[in-house]
Amino acid sequence: MNPHILILGAPGAGKGTQSDNIVEEFGVEHVTTGDALRANKGMDISHLGLEYDTPGEYMDRGELVPDEVVDEIVETALDEADGYVLDGYPRNLAQAETLASMTDLDVALYLDVDEDVLVERLTGRRVCEECGATYHVEFSPPEEEGVCDRCGGDLYQREDDTEETARERIRVYEENTAPVVEFYDERGDLVRIDGEGSPDEVWADVKDAIESNA
Ligand code: ADP
Ligand code: ADP
Ligand code: ZN
């Protein structure tokens, strides 16, 4: 059976970057609520009677999309995956409880990065609109500005990667998601990783942690 891996960390900690490595090395599926929601930003959720009628209205403000929308996305994706790295979920304790009722994890990795570094990473992030590959204008630039090395697609900046929204997302993370890290720590599933080294240095630690736990 392929491993069941959870990757936790604040916005900009490097979850997407390391998940790409995990997919390549371990042959698992990358299940990411952020990408799934971005592909469905305009989805009509008005029948749920929530504050806003689409996921995008929450996302552009840096707020969490309501659990009932996100839980269903995750349940469907995990059902279809043979081994996974789950990225962007759970983001609060209720989601952590829901996840525990859906699946068993082999390991929960926590990428630890300081707030000032997070803001620098988020505001410089660029993403390929074709294949989703992630770059950074300073820390991992593409060979040609604005063009994806992997597929030649155009790179864009996410609407929520402005300094203001980045800081709000980090605040929402501290308030809602930091307790999730404790949740896995108490269960003995958590491996803390220093996320401030180079992408290759962080990857060496991530790979070790998976090999010794899964
Ligand atoms: P980052 O890569 O910066 O951590 P994501 O791409 O994971 O950000 O998430 C972008 C936005 O999508 C979040 O700010 C939030 O609005 C929404 N979102 C993603 N995952 C969840 C989740 N598990 N619960 C609620 N909202 C979510
Ligand atoms: P997350 O999915 O946790 O929000 P990403 O993997 O998208 O984080 O990384 C956020 C930004 O930081 C991207 O621009 C990425 O290229 C860059 N980045 C990722 N890991 C590192 C690292 N170890 N050192 C420097 N920059 C990094
Ligand atoms: Zn690309």
Side-chain angles (χ1 to χ4, degrees), residues 6-22 30-41 50 52 54-74 77 85-96 98-99 109-114 117-142 146-161 165-166 168-173 176-177 180 193-206:
L6 177 63
I7 191 159
L8 296 165
K15 302 181 297 297
T17 301
Q18 298 303 330
S19 293
D20 287 348
N21 294 330
I22 293 171
H30 185 201
V31 176
T32 162
T33 47
D35 285 356
L37 289 166
R38 266 186 296 283
N40 292 286
K41 270 183 107 169
L50 300 164
Y52 305 116
T54 61
E57 286 167 90
Y58 294 93
M59 298 168 80
D60 290 343
R61 289 174 171 82
E63 293 173 24
L64 295 183
V65 175
D67 293 348
E68 53 249 80
V69 178
V70 186
D71 292 345
E72 195 174 313
I73 293 173
V74 172
V85 53
L86 178 58
D87 160 13
Y89 183 99
R91 265 177 149 92
N92 58 36
L93 282 174
Q95 292 181 6
T98 303
L99 182 65
L109 308 170
Y110 170 58
L111 301 181
D112 194 3
V113 175
D114 245 36
V117 178
L118 294 172
V119 173
E120 254 190 312
R121 287 189 185 177
L122 290 167
T123 53
R125 173 159 63 185
R126 299 293 181 272
V127 182
C128 174
E129 75 186 11
E130 299 295 325
C131 74
T134 300
Y135 299 87
H136 190 282
V137 290
E138 201 180 321
F139 308 138
S140 53
V147 181
C148 180
D149 293 345
R150 213 193 276 173
C151 79
D154 287 338
L155 305 185
Y156 76 103
Q157 181 168 26
R158 279 170 43 174
E159 279 172 58
D160 59 351
D161 278 345
T165 309
E168 174 61 10
R169 285 155 60 211
I170 294 165
R171 193 196 63 74
V172 169
Y173 170 84
N176 296 278
T177 315
V180 171
I193 290 170
D194 176 2
E196 290 193 10
S198 71
D200 287 346
E201 285 165 350
V202 177
W203 169 232
D205 292 343
V206 165

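First listed ligand is number 1; within each ligand, the first listed atom is number 1.
Listed by number with element, the atoms of ligand 2 under 4.0 Å from a non-hydrogen atom of Gly16 are 1 (P), 2 (O), 6 (O). Taking every non-hydrogen atom of Gly197 and a distance limit under 4.0 Å, the qualifying atoms of ligand 2 come out as 22 (C), 23 (N), 24 (N). Shown in contact with Ala10 at under 4.0 Å from a heavy atom are these atoms of ligand 2, numbered in order with element: 3 (O). Using a 4.0 Å cut-off to heavy atoms of Ser198, the atoms of ligand 2 that qualify are 23 (N). Close approach of ligand 2 to Gly14 (heavy-atom distance below 4.0 Å) involves ligand atoms 1 (P), 3 (O), 5 (P), 6 (O), 8 (O), 9 (O). Atoms of ligand 2 found under 4.0 Å from any heavy atom of Phe139 (numbered from 1 in listed order, with element): 25 (C), 26 (N).
A heavy-atom separation below 4.0 Å is not found between Ser19 and ligand 2. Not a single heavy atom of Gly88 lies less than 4.0 angstrom from ligand 2. Heavy-atom separations between Arg61 and ligand 1 are all 4.0 Å or longer. Ligand 1 does not have Glu57 within reach: every non-hydrogen atom of the residue lies 4.0 Å or more from it. Gly9 does not count as a contact of ligand 2, since none of its heavy atoms falls under 4.0 Å from the ligand.
Here the protein contributes Cys128 SG, Cys131 SG, Cys148 SG, Cys151 SG as N, O or S atoms under 2.8 Å from the Zn ion (ligand 3).
Using a 4.0 Å cut-off between heavy atoms, Pro199 contacts ligand 2 through both its backbone and its side chain. Looking at Leu64 against ligand 1, both its backbone and its side chain come within 4.0 Å, counting heavy atoms. Contact annotation for Glu63 and ligand 1: only backbone heavy atoms (N, CA, C, O) come within less than 4.0 Å of the ligand.
For atom 5 (P) of ligand 1, the choice among Arg121, Met59, Arg91 with the nearest heavy atom turns out to be Arg91. In this comparison of Asn176, Thr33, Leu118, Leu37, the heavy atom closest to atom 18 (N) of ligand 1 sits on Leu37.
Atom 26 (N) of ligand 1 has Val65 N, 3.0 Å as its closest protein atom, hydrogens excluded (heavy atom only).
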